[in-house]
Structures are given as structure tokens and as C-alpha cells.
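This report refers to the structure that appears directly beneath it.
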Amino acid sequence: MLFLDLLADGVVTGCAVGVVAVTFTMIYSTTRVFHVAHAGIYTVAGYSTWFLTTRGLPFWLAIICSIAVCAAVGALIQHQLYTRLARRDAPPLVLLIASLGALVVIQNLMAALFSPNILQIPADWRVLTVGIGSIRLSMPQILLAVSSLVIFAGLLAWSRYTSLGKRTRAVAANEFLAEITRLEPRRVYITVMAIASGVLAVPGSLTALDHGLQPYTGTLVLLTATIAMIAGGMGNLFGAFVTSVILAALQTTSTLVIPGQWSIAATFGLFVILMIVAPTGLFARRPR
Amino acid sequence: MRCTLRVSVCAAVLLTGSWVNYAQAAEDITLAALLPTSGPSASVGQEEQQGVQFAMDEINAAGGIRGHMLRINFDDTQGKPDQAVLALNREIDLNKVPAVITAFSAPSLAIAPLATRKKVLVLNPAAQADKLGTASPYMFNTMPLTRDETEVLAHYLTKTLGKKTASIIYENSAAGIDGRNDFIENFKKFGGAILSDEPIQPADTNFRPMILKAAAAKPDVVFTNVIQGDSLPQFVDQVTQHGGFPTVVGTTFLTPAMGLAGSNGWYYTAIRGALPPETDQAIMKKFGTKSVSVYTREYYNDTRILARVAESLIDNQKELTGENFRTELMRIRTFDGVAKISFDTNTAVRNIDILQVQNLVGTKVAEGRVGE
Amino acid sequence: MSGPYLDVTGVSKRFGGLQALDDCSFAIEPGQITCLVGPNGAGKTSVFNVITGFIRPDAGQVRFRGQVLTRMGSRRIVGLGICRSFQNLRLFADLSVLDNVTVYLPSRTDENPFRPILRPIRTEIERKRRMAAAMSILEEVGLAHRARDAVRNLSYGEQKLLCVARLMASGAELLLLDEPTSGLSAQALEAMIALVLRLKAAGRTFLVVEHNTRIVQRLADSVVFLHQGHVLAQGEPAAIVADPKLGEIYFGGAL
Amino acid sequence: MNFFLSYLAIAEIYALASMSTNLLVGVTGIFSVSQGAIFGIGAYTVGILTLNDWASFPVAMAAALILCALTNLAVALPALRIAGDYFVVTSFGIQIAATAVFMNLTDITGGASGLAGVPPPNVFGRDLDEPGAFILLSSIVLAAAALFFWLVLRSPFGRLINAIREDELAVTAAGKSVLAAKVGVSALSGMFVGLAGGLYAGFLSFIDPGSFDIDASILLLTMIVVGGARTLAGSLIGPALLTALPQVLSVLPIPSDAAGPLRQILYGLMLIAFMLFRPQGIAGRRL
């Protein structure tokens, strides 16, 4: 059935977007930086995995290396850029523009190093498909959905049960409080950036494996993710993930009723209206 | 045979040497190519640049145009209209170019009025938006426009293959939308029906929702123009993964699909044109590429056309002005390069072939000419 | 004019699980300084927010010279002559001292972006007039010499004086001051007290949130004691301060 | 000469748009990334009206002015309820939606292939098709706009919107209507960028959705970041520099197949460097 097929495709895409949204939310609620360069990390993930597999590394090993690469790039951006700006009391607008600068640099560095053309990670098994009822999904799609759910659950557990995760939530709740109780927010920030960037390597690489990679595609993924973050209720990891899946599924299934070229406009239009009607989002907690 | 070739090469080299000496005295001929060498279209822009570069080097190595070295300035348009206008103004002002080579529909349409006012010849090797046909008396298109290609394709599909219904997957960009509209018009003209049409966003490579929808309409064929040529492998993969997908048909843009597993049986129109194999080899060697793209070929060809016109002007002792370039181009009318090209209007009439991918190779199954 | 000058009757406000104001009632006499005291979290700032229209109470009403304020926007309330300051000052940090005051001057036209374009000369005259008015207010509070400085370069005491200057500029007759003396040096404190008393002598009325009982005794004509959003007592400062029960709530709550 | 004049004309057009961005983003602190879309509405209004001969150039410009003021108002509506980073994403959404409209409303906008052959501005019966003639018009418009910008910024209204950026609550406490001021500044800013859009259509004679996409919005933002927020000089310097940058780079001998990405990298590094070392831009005030 066409609706189910479209829904499945949308949900898979939504899972990848969900990981971006959850990690973006983690970063935003702790560091208060609107970290648009996150889209650049997503791009780095694909290229790093592509580079390593073409040099003969097996795919799974390449992904593990990419996790390290992304974590390092994320930590570097935090340490070299945001921390320095924060020391100068930079307002959010300045941080945002600096982040935008970092995004432009990363994307074009990839284009300069690996050409602006679409690249394909070499792995024969990527074209295999699996049928679930009438729905057919490719191997990378299945891996993408499963790994995204695992990462999502992992991040939720991390923030609830580990001491570092709890500390992160403390910093997110009140930076000043965290500072006086010696939680060292600067170091917590770097850790959060490293973790959030590192896990991005998994969906970044799998999406690239599934349908190729280009330098500039991360931006639209991030846009959907930020919208999911806001619509899902600021700082709410669960809301961010679920809204991502809903948004992506809506984008594909809505083509059944409205012409395809309007589906993106319709999704964003809907979001703008939601923002006017309910600025605190769908899954917002009650204000304190 | 091989011996003769060697001899002639030697002769050419000798001649070249003497020409070069002479050429240093003569003034350079300066033209410009306005290409997107940065931005999202840069990958195509690069291929185009290689074609121009190769032709220029080849011409100069052979002694230039009647002793004048050919110099072509590459000026970046980023694929944007305003940058293209600035670039053309820059070339006219600083380098007094009488003729330019252009790329992509939007920048080309943007410079058209300026070209008319300044009387500068604009040669368009590959952009196919229908509006280009009447954009300026100074703009010449050496590729048939989308309208012509889709007409040939639709005629073949309906009349020869007896296909009745089609779905469309098109790129939501200038060329993509033109292709879609033209195909709908022509396919209906020949009695076919369109069951669905789905856009893909430029630079998006997840085609699955559109593939699913196109297949669900159960058409005889699916017309597609996935304009970003290098995203075709992803398209072919996803069509293969879907399984049982109707026959895919398309225009020149589908050419790179041959050679990809899964594209067997697809039909596409091809604007006839080929370079001598040794030129192909030389181009691949020079730029380290695995094949010579349509863009490289056509830009090579158009550079040679400009050189041919310039040569003829020199022979007739006319000044190298844009106006003279235009009159001379229309006077010569027919050019024999990668293909036989003739200008009855501002858009060339060229042979269009119908090819089918058979055993991963595009095989000619029919010939067509516009206006049948 | 009927009834009291400012009359708060039975105001309640709930935020989520917190009862910020609970059947809160008191009144203010014109030309007097009324101090609002009570332990932290007693709802003093909430009272300010309700009076100035920043929040809408769940129940009860506020009347100013017989007019009900509770349904009005803060714009109209300022127009009627009530203006407030903030505990965390909320100065315009990047604007000059002078501009901080000019923004508070009442005007019917400063929200119209087209006026400076359509009537440039009149706007310019108006601008000059407003600057002169602001300057005279700055002279009154003793900040005239810093008029061109950026606010961020002022000392804390000067910033607090500037807050009062802004309220003066608004032309309000009832000024609501949220902790005007906290964190001030002895010298700055005296300047502040002197300024408030001078303004009172000139006919303005004050409602002041104040913690320091000594300052309360120096300033207040009347004291309102707030506890858990409810007014426990209102009266002469000496009487309130001397009440041992209130003292225990106050200091017990603060500890 | 024409090259220089056409560069100047484009720089002037962007300077107009920068003043608009400066009013909205730099002064009032409404961080909008949909300026490109409003710019486009101005361009399309003039393009459509003059191309179809429905209105003369001055009338079309007036229409663009009004339409852009109204749309910008609608765009800024969410900003009246939500602040800061929330609004960034909302206006991003508006930008995407606007691009889709330019792209897909084919009958009106010409769709993705754009509108070709927009007639040059015709003022007092003269066609301003040469950069030399056009520059007169654009300079006069720019000079008038600059005067207005200066007048507005020094007026009480100018102080008020500055104060809104600093602290909305304190402005409310002053008895001023933040809403009215924001509505006003949105309309005014829409007019500036509408003028810019109209001139752009008349000068280039060709417009397409790609010229008014998110990249255009970001370019407009970058111009005030580099030039400097909240000053007239900043609104002029930023566009002049950023329009010149590609021109200068295209003359430099950079291997052309890497030139594109390299230039973008340079551009990104420049943004970062400005934020780190000179967040006030070349001639602006602290952001």
C-alpha cells in the first residue's frame, strides 16, 4: 500500500533527523549556542567514512573512526570558537554568526578536498533490500532506523542515569548554579559537544551509504531538526526525536494529498502557524 | 596508417613551431567563458571549463587562429544572474571581448539583454530552457532546446513503441520544469496520457517517495530528468531496489545512466555528437577523468565554433566585433564539429537519436529530427 | 475622587504549583512613601507586576483613583501615572545615560516610524526638547555629568539613580521602586534616600520594596507586611517593626 | 567603465537592502533570515507589473514598497510572540516557503526559470538601460533612503527601537508599546528592501527564485556583520566590500577548479574572524 510505503520511508528519514535534533537539543540546552555548524559535522561524518572505506577499511571500522573524527571536530569548535567567544561575553547573535561561518568553512573544505560531486561509499551490500510485509527497505535504511533508535535510547539513558549526564542537565538548568557548585561548565560543554558530534557520525555515514553524499546537504536536515527541537518543546529530548519522525513522515505522506513541490513549504508553513498559536511547542513542560 | 599519422603529427609540430614564432607578433584574440566555477553548479562548471580549456590549448598549440593566440578568460558566475551580469560587464569593459560562451539557463537569460545592447555574441552550448530560443538576437544555442528533444522522444514512445501512459519525475529547477512541461505537452499531442508528476528538490538524492508514487500510478513509462547528472547512480540504485519499476525514459540528461547496472532497457534521446576517439583520449589524459562528459564535449565544440568564426573574419579582413561575429556565424551557418550543426534560427538544428541501454551500452534504436 | 488613592483588594495569583499572591489587600495614601516588606518569596515583586499590568491576577482587583487597572495594559497604566523599576535594573546597557532617560519620556509619536521621515523638522525640534527635558532630570538626580556615557560604565549606585531618573521621566506620580537601596555603598545610599525624600516633598507618591528595617523607618510613612502572598499587617513603621510576631516571620523566613 | 558602474549599481542596491536588515536585525534585534524573500517580493512585484505592462516603473515601485511593507509585517508577526533563536528558525521556515512560492507559482512568477526581459526602469519617459543612466536613479534613491535612515535612527523612534533590542520589558514598563514599534519598524524595513528588490529587477532585467533564496538572506546578514550594525556607514561599507570581493578574487590567479570552495572558505573564515576579533564590524557598534 502506497501510504505505508511512503510512511516507512518518511519514518526512516525521520530517525536520522531525530538523532540530529536530539544532539542539537543537547548542545543548545547546555551551551546555549545555536550550533548550526552541527550540519557541517553531519557532512564530515559521511566524507570521513567515504575516505576511509575507499582506502580499504571495512565499513564498520570506518564508522567507528568517523565517530572519533566527528567528536574531535565538535570538541575543537567548542574549544577554539565558542569558549573564546563566551569569554568575551558574546551575545547569542554573535555566536550564531560565528557558527554559520564554521559551517561554511567545513562544507567548502569538504568540497575543495573531495570535489563538489556526489560520492558513493563503496559497499556492495548497500543495494540489498529487505521486505517487511509490502514495505521494502534497503539494508542501510534498516541499519539507519535501528541505530538511530539505539542512539536515541542511549542518549536518554545517559542524560538520566550517568553522573555526567545529570551534571549536564544541571548545567542546562542553571549555568550560574553549576558554576558556583564547581561543575566546571566549560568542561561539561566540551564533553557534550564531543558526544553529540560523535554519535552524529552514525546516521551521517549511513545516510551517505544509502543515497550518496554531497557537501551541502546537511543544511536542510539540520533545519528540519531545529524545527523539530522547537516544535517538540525546547530542551525536551523525547519531544525533539518524536517530532522529527512526525515531520519527516508528514513530508513524504503529505504528497498523497498535495502536489509534491508544495510539501516542504506546507510543512514549514504549518510550523510557522504552530509557532504563532503555541510558541512553547507540542511537548512543552508546564512553566515553573 | 599509423605511419601517416606519425608523419602528420611531426609536420604539425614543425609547423606549430614556426607559427608560434610568427604568432608572438600578432595580437591575441580575447574571448570569455562565463561559467559557474563555484557554488552548487560548480561540478558541471568544471567539466565545461575543461572543454573550453582543451580546445583553447589545442588551437594555440596548432599556432592559434591565423597566427593570433586565442585567450579565453574564465569568469565565475556562481550560477547566479547578478554575478553573470557583472561578469559580462567586466569582460566587455576590461577585455573588450566580442563574444562569450555562457552556461546555465538563469545566468544566460540574465545576460541576454546586455548582450543585445552591447552587441556581444553569446554562444550557449548546453543550457536548454525554452526561453533561450528568443532571449536575444545575439544569443545562439548549439543544443536543441528541451522542447525539441521531448518532441522526438514523445513521438517515438507513442508512435513506435505504442506507449499510452506516463508518469513524470522531474527536478524542481528551471531545466527540470521546462522538461516536464514540454514532455506533458508533446506526449499529450501524440495521444498519450500523464498519470502523475512528482518533483524532486535539486540536490536531494533520496528519490524513494517519488519512485514509490510514480510506480503506484502504474504507467507504461516513467519520464525523468534528474538534472544533476551525477545523482543518476543513486536514482538507478533506488529504482533497482524498488523492483518491477516501469521503463524509464528521458533526454540527454539520462546519458550517464548507461553503464550503470539496473538501467538496461531505458530509452533516452541523445543529441548526436561525438569527438574523435583520440581527442577523447587526450582530454581524459589531460584532466585525469574516466570519461568525457556531454558538457566537456559541447564546450569543446563551441570553442572551436568561435575560433572558426574568428578565423573566417580574419580571412575576410573584417574587424572582430560582436556584430561581425554574429553576421559571420549566420553566414557560415553550418558547422561540422562534434556533429553537423546548422543555424536556421538562433537555435541549432541537430540530429537527435533515440538510444536504448542494452547490456549497459547506449545503443541507437531510431533517428529523429525535430518537426516530424 | 472617591475612595483611596491606590487600592489593592483581594488579589490572588497562582503560578503552576506556587501561590504567589493570596487574597492580598492593602491601600496607599497620596504623597506618602509606603514600604512593602516581607521575607523572600513573599510576593512583593508579584504585587508590582499586578499593579503595572505585567501579569493578570486570577482574582481581585487594583484601583487607582477609582479606576480599575486590572484589565488594562501596562501602556495605559503608565499613562495614568504609575511607573515601576526593576530589581535587576533592566537599563539599556548599550544606550547612553541620556537616552535611557529620553526613552522613558512620555510621547504620543515616538512609536511612529514614518514621522521622522514625513515631518523631519518637527521631529528634530521634539528631539532637542526631549534631550533638554532628560538633561534637567539628570541634573536633578546628579548624573548630568555622565549624560553621554554608556550605561555599562556607570557605578552600581549611579545605575540605581538612573533607574529613578527614568521613572521621573515617565511623568508618573506614583513610583514603584523595587529594592532601590540594596547593594549600595553608604554614600550612594544617602544620595538615594535624599532623592526619594526630595521627590516626595515635590508631591510624588512611592511604593517601595525594602529589606533593611532601618531604611524602612527612615523612609516609610506606612508599611505593608507581606507573607506568602498575603498581607499580614499594615501600619506605622514603628509599630510594624516592633511587632515581635512579624519580626520572627521576617527574620525566621530569611534565615 | 560600465563594469565599474554596474558593480556600483549592484552595491547600491545591496546597500539599500542592508539598511533594511540593519533596522530590523541590527537595531531592533529581530533576527530575521527571511530578508532575501522580501527582497524577492519587491523584485517580483516590479518585474511582473512592468513586464506585463500593467504599471509604469514608478507605480510598480510604489506597489513593491507597499507589498513588502505588508509582507514583512506578516513575517515579523511571530517575532512579536517569540524571541531570539526561536524566531531564527521561524523566519528560516518563512524563507523556505517563499522560495517554494516563487518557484511553483509558475503562472505568475515564471517558476524556476524566472522572469526574463523585465524592461529597464523608465523614469520621465527615459529608459535607464545603461549602467551610467541607471546609477543616477539608484544613487538618488540610495541618498534619499540614507537620509531617511539617518533621520529615523536619531529620532525618538530610533531610540525606542534601540531600547527594544536592549530590553523589551523595560520598554513596556516605560509605557511604550513594543508591539506598535515592532510593527512600525517591520513595515519600514520592508519598504527599504522592497525598493532594493524593485531596482534589482529593473537593473538586471532577469529574476529567478535562486536569487532570493536562503543564501541571499545570509548574504544580506553578512553584509551588516562585516560592515557594522546600527550605523549608516556600516550599511554602505558591508555591501560595497562583499560585492567587490568576488570581483577581486576573480582577478586573482587562483586555480579555477578550486576557486569556488576556496572563496567560500575565505568567506566563512572572515565571518569567524569578525566575530572573534571585531564583532562590531568595520564601522558599527557592538552586536
Side-chain angles (χ1 to χ4, degrees), chain C residues 48-49 52-54 73-86 88-96 98-107 109-121 123-124 126-127 129-131 134 150-152 163 166-167 169-172 176, chain D residues 20 23-24 26-29 65-66 69 72-73 76 144-192 229-230 279-280 284-287:
Chain C
F48 274 28
N49 284 335
T52 51
F54 276 62
S74 59
R75 181 186 163 83
R76 278 191 67 194
I77 293 173
V78 176
L80 286 175
I82 302 176
C83 198
R84 66 167 302 180
S85 73
F86 295 90
N88 51 352
L89 311 191
R90 294 193 169 270
L91 290 167
F92 308 122
D94 267 352
L95 268 58
S96 72
L98 188 65
D99 282 338
N100 263 275
V101 179
T102 50
V103 167
Y104 267 68
L105 286 168
S107 159
T109 54
D110 62 355
E111 290 152 3
N112 181 354
F114 302 107
R115 195 179 155 81
I117 296 171
L118 299 175
R119 325 198 79 160
I121 296 168
T123 311
E124 186 62 22
E126 214 165 87
R127 191 181 75 88
R129 192 182 51 72
R130 287 164 68 97
M131 274 169 61
V151 166
R152 60 175 84 246
C163 285
R166 293 205 305 193
L167 302 198
S170 75
L176 275 54
Chain D
S20 158
L23 276 175
L24 205 62
V27 180
T28 320
L65 215 72
I66 294 166
N72 212 29
L73 249 178
L147 176 70
F148 292 164
F149 184 83
W150 181 77
L151 280 174
V152 167
L153 274 198
R154 66 187 267 117
S155 74
F157 177 76
R159 302 294 132 137
L160 185 66
I161 51 178
N162 262 300
I164 287 176
R165 178 192 69 247
E166 297 275 325
D167 198 321
E168 284 189 21
L169 224 50
V171 172
T172 312
K176 312 288 174 179
S177 168
V178 173
L179 186 107
K182 277 188 174 179
V183 162
V185 78
S186 301
L188 187 66
S189 148
M191 287 185 167
F192 274 78
R230 277 178 266 151
Q280 70 272 45
R285 311 239 167 84
R286 240 178 94 97
L287 268 173

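A note on names: the letters A, B, ... follow the listed sequences, proteins ahead of strands, and every chain is numbered from 1.
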Should C:R90 and D:E168 count as an ion pair when the cut-off is N to O under 4.0 Å? no
Tell me, side chain or backbone of C:Y104 under 4.5 Å from chain D's heavy atoms, or both, or neither? both
Answer yes or no: is there an ion pair linking C:R115 with C:E126, defined by an N-O contact shorter than 4.0 Å? yes
Is the Lys NZ or Arg CZ of D:R154 less than 6.0 Å from the centre of D:F149's six-membered ring, within 45° of the axis? no
Among residues at least two apart in sequence or on other chains, which ones pass salt bridge (charged side-chain N to carboxylate O under 4.0 Å, His left out) with C:R76? none
Examine whether an atom of C:N100 lies under 4.5 Å from a heavy atom of chain D, and if so say whether it belongs to the side chain, the backbone or both; otherwise answer neither. neither
Most chain C-contacting option - heavy-atom pairs closer than 4.5 Å, from D:S155, D:G184, D:A180, D:A163: D:A163
Comparing C:A93, C:P106, C:A169, C:S170 against chain D, the one with the most heavy-atom pairs below 4.5 Å turns out to be C:A93
Tell me which of these, C:T102, C:D99, C:T109, has more heavy-atom pairs under 4.5 Å with chain D than the rest. C:D99
Heavy-atom distance under 4.5 Å between the side chains of C:R84 and C:T52, does that happen here? yes
Measuring heavy-atom distances to chain D, does C:L105 have an atom under 4.5 Å in its side chain, in its backbone, in both, or in neither? backbone
So for D:V171, is it side chain, backbone, both, or neither that comes closer than 4.5 Å to the heavy atoms of chain C? both
Go through the atoms of C:S107 and report whether side chain, backbone, both or neither lie under 4.5 Å from a heavy atom of chain D. both
Flag the pair C:E124 and C:R119 as a salt bridge only when some basic side-chain nitrogen lies within less than 4.0 angstrom of an acidic carboxylate oxygen. no
Pick whichever of D:A173, D:A181, D:A187 has the most heavy-atom pairs under 4.5 Å with chain C. D:A173
Looking at chain D, which one of C:P116, C:G73, C:P113, C:A172 has the largest number of heavy-atom pairs inside 4.5 Å, strictly under? C:P113
Any salt bridge linking C:D110 with D:R159? Criterion: basic side-chain nitrogen under 4.0 Å from a carboxylate oxygen. no
